[in-house]
Amino acid sequence: MSRILTVAAAQLGPIQRDESRASAVRRMIALMRQAKGHGCDLVVFPEAALTAFFPHWWMEDEAEIDAYFESAMPSNETAPLFAEAQRLEIGFHLGYPELAIEGGRKRRFNTAILVDKSGTIVGKYRKIHLPGHAEHRPDAAYQNLEKRYFETGDLGWPVFEAMGARLGMMICNDRRWPESYRVMGLQGVEMIVLGYNTPKHNPWAPDHDRLGEFHNHLVMQAGAYQNASWVIGAAKAGVEAGVDQLGGSCIIAPSGELVAQAVTEGDELVFARCDLDLGKSYSRSVFNFAMHREPQCYGMIVERKGAVIA
Ligand code: CDV
């Protein structure tokens, strides 16, 4: 008997700087209800889904920065999302900036959680690959200050048994790095869910701009195929606080094939019935890791950070 998880990528259109969290949550609840109407078990929301993507601008005031972070989850504003998920009996994935007090100090992470059908948080991930820069670059078309506002995630890439599946998470820039997928592939992941905020224009490499949509799907399709896993990507798309972001939210099978993809840059649901056993054909043959990997030859991957040209 096949193991089907029906999953939706809930793309969000832009959230402007003056839009409240309550309003963003209302939009997410509308998408969650649609997902339930289509028989979905799980709905995947984007990275930092509750506000505009603030790493795109410089801030110095601590209180102003903290205002974009969640110090509790659920919070007063996000509680309705959890309550609706519980009422509908649907799981969800949510990305949000996390403010934690750990070891007596304030820590900020770009975080995502997995919530099961009872509204319980069953998994948490903190983004590891933080793109951009930490210093002020006022002359750029926009800034990319994730290295200023977040610490590198410290939870690794765990895989969670939930909703009858082995589920893993990554966040946005992680999808461009094969290491992110492989760490979960080595734990037998069956479905990787992720959200992204990806500007169409790269001020530091504008020659990539025409390839943005291609690269977006290229990396997720490769990661899915090479790790015999479903990959679900949910964008925050459209022009947000002056930055134009990619759509292309998608569902990718372990074959690497795109099964469904968004066609707008607004709030849009894409969904598919995902057979969790579809990856077995790959993990038992060409990507049978136990049979074909040669880890004794891969040491440099963890020993060396940047390329060294002899
Ligand atoms: N939020 C992101 O991680 N965005 C990056 C951009 C800045 C390159 C991405 O990889 O899509």
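Atoms within each ligand, like the ligands themselves, are counted from 1 in listed order. No experiment lies behind these values; they were computed from the predicted model shown. The residues of the chain are indexed from 1 along the displayed sequence.
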Table please: side-chain donor-acceptor pairs of residues 219-228 below 3.5 Å, with sequence neighbours left out.
unit_1 : atom_1 : unit_2 : atom_2 : d
Q221   : NE2    : G256   : O      : 2.7
N227   : OD1    : R182   : NE     : 2.8
N227   : ND2    : G223   : O      : 3.0

Exercise. Does the ring centre of F109 sit less than 6.0 Å away from the ring centre of Y96?
Worked result: no
For this session: Taking atom CD of E213 as the centre, report whether more than 12 heavy atoms of other residues, nucleotides or ligands fall under 6.0 Å from it.
Result: no
For this session: Nearest heavy atom to atom 10 (O) of ligand 1 wins, so pick from H215, R176, K236.
Result: R176
For this session: Return a yes/no value for K127: is any of its N or O atoms, backbone included, closer than 3.5 angstrom to an N or O of ligand 1?
Result: yes
For this session: Provide, to 0.1 Å, the distance between atom 11 (O) of ligand 1 and the closest protein heavy atom, together with that atom's residue and name.
Result: T198 OG1, 2.6 Å
Seminar exercise, completed: Heavy atoms of E265 and K200 approach each other most closely as OE2-NZ, 2.7 Å
For this session: Look at atom 6 (C) of ligand 1 and say which protein heavy atom is nearest, naming residue and atom and giving the distance to 0.1 Å.
Result: P199 CD, 4.2 Å
For this session: Would you kindly specify which portion of H129 sits under 4.0 Å from ligand 1, judged on non-hydrogen atoms: side chain, backbone, both or neither?
Result: neither
For this session: Determine, using ring centers only, whether F287 and Y282 are less than 6.0 Å apart.
Result: no
Exercise. Is ligand 1 under 4.0 Å from a heavy atom in the side chain of F53, in the backbone, in both, or in neither?
Worked result: side chain
Seminar exercise, completed: ligand 1 atoms nearer than 4.0 angstrom to some heavy atom of E146 are 1 (N), 2 (C), 3 (O)
For this session: Could you check N110 against E47 for side-chain hydrogen bond (donor to acceptor under 3.5 Å, both in side chains), going step by step and ending with a plain yes or no?
Result: CA-CA 8 Å; N110 189 342; E47 171 190 34; 2.8 Å; yes
Exercise. Counting from 1, what ligand 1 atoms have a heavy atom of E47 closer than 4.0 Å?
Worked result: 1 (N)
Problem set entry | Identified ring pair (Phe, Tyr, Trp, His ring centres under 6.0 Å) partner of H129 from the options Y196, W157, F150 | W157
Exercise. Contact between G132 and ligand 1, counting heavy atoms under 4.0 Å?
Worked result: no
Exercise. Which ligand 1 atoms are under 4.0 Å away from a heavy-atom of C172?
Worked result: 1 (N), 2 (C), 3 (O), 4 (N), 5 (C), 9 (C), 11 (O)
Exercise. Would T198 and R175 count as having a side-chain donor-acceptor pair, cut-off 3.5 Å?
Worked result: yes
Problem set entry | Atoms of ligand 1 close to N197 [distance to a heavy atom under 4.0 angstrom, numbered from 1] | 1 (N), 2 (C), 4 (N)
For this session: Determine whether the side chain, the backbone, both or neither of N144 has a heavy atom under 4.0 Å from any heavy atom of ligand 1.
Result: side chain
